[in-house]
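Input: a single structure, listed below in structure tokens.
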Amino acid sequence: MLLWIVVIMLCMLVVALARQIGALHLRLGPRGAFEADDEGPPLGEAPPPMEVRDPLGAAVAIGGPGSPSLLLFVSPGCHVCEQVLPAVDVVARAGALDPLVITDVDEEETALAFARRSFKAPVLSGIDVATSYSVPGTPYVIVLDGSGVVRAKGTVNNLEQMEGLVDTAVRRITEAV
């Protein structure tokens, strides 16, 4: 009986240690966003501007000349997306960018999934946008300058990666001027 108690205690200890290792892995994981050249729209080029409708029916322009913008592509039910979504307003504001959250589902599912959102960025259904911009998966960020040119892009898994991507874009925008 005493040996069974010891075995159970050791099992609980192993589970607790495995959980701590997982937490350290998440905290100390890769810092930079994954910016692959063969994914998404090409850096330094302007993808074709598109127009989508917001939930109220108003037209929203994506790309083309206008304000510099941060496009965050997300999927409902994506746990990593849920972790980066609350920071989209703050990160975009830090880079003087207009944030847009674009989903890869239709309008109805977008409305259901993001009805209780805690951020101010507009949430748009953009299945065609994700396809046109060759978005490989979510969460994916594209930063466009005022001319609609891609200045940074990449898959982000946490706040630090999104901030790094915005910092890179701001540096590239400044260098281009």
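Computed from a predicted structure; not experimentally measured.
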Residues pairing under side-chain hydrogen bond (donor to acceptor under 3.5 Å, both in side chains) where one sits in residues 119-139, two or more places apart or in two chains, turn out to be Ser75-Thr138
Going by chain and number, the hydrophobic cluster around Leu3 (ILVMFWY, side chain to side chain under 4.5 Å) further includes none
Exactly one candidate in Val129, Thr155, Asp104 meets side-chain contact (heavy atoms from CB on, under 4.5 Å) with Phe73; the answer is Val129
Sequence neighbours excluded, the answer for salt bridge (charged side-chain N to carboxylate O under 4.0 Å, His left out) partners of Glu45 is none
Contacts of Arg171 meeting salt bridge (charged side-chain N to carboxylate O under 4.0 Å, His left out) (sequence neighbours excluded), chain-then-number -> Glu175
Distance-only donor-acceptor hits, side chain of residues 9-21, under 3.5 Å, sequence neighbours excluded:
none

So the side-chain hydrogen bond (donor to acceptor under 3.5 Å, both in side chains) pairs with at least one residue in residues 54-68 (sequence neighbours excluded) are Ser67-Asp98
#### Entry: pair Ser69-Leu144: side-chain heavy atoms closer than 4.5 Å
yes
Note: Leu159 and Val84 closest approach over all heavy atoms is N-CG1, 4.3 Å
side-chain contact (heavy atoms from CB on, under 4.5 Å) filter on Pro99, not counting sequence neighbours, yields Val88, Asp89, Ala92, Ala121
### Query
Is the closest side-chain heavy-atom distance between Pro76 and Thr110 below 4.5 Å?
no
Nearest heavy-atom approach of Lys153 to Tyr140 is CD-OH, 3.6 Å
With heavy-atom distances below 4.5 Å as the criterion, would you say the side chains of Val143 and Val150 are in contact?
no
By side-chain contact (heavy atoms from CB on, under 4.5 Å), Val90 pairs with (sequence neighbours left out) Arg93
The complete set of salt bridge (Lys or Arg N to Asp or Glu O under 4.0 Å) pairs with one or both residues in residues 130-148, sequence neighbours excluded, reads Asp145-Arg151
What one should report as the nearest heavy-atom pair of Arg172 and Ala152 is NH1-CA, 3.8 Å
Sorted by chain and residue number, the side-chain contact (heavy atoms from CB on, under 4.5 Å) partners of Val170 (sequence neighbours excluded) come out as Val166, Thr174
task: Report yes if the side chains of Leu85 and Val74 come closer than 4.5 Å at any heavy-atom pair, otherwise no.
output: yes
Donor-acceptor pairs are to be reported for all side-chain atoms of residues 56-66 against protein atoms at under 3.5 Å, with residues two or more places apart or in another chain.
none

Is Leu71 close to Val141 at the side-chain level, that is, under 4.5 Å between some pair of heavy atoms?
no
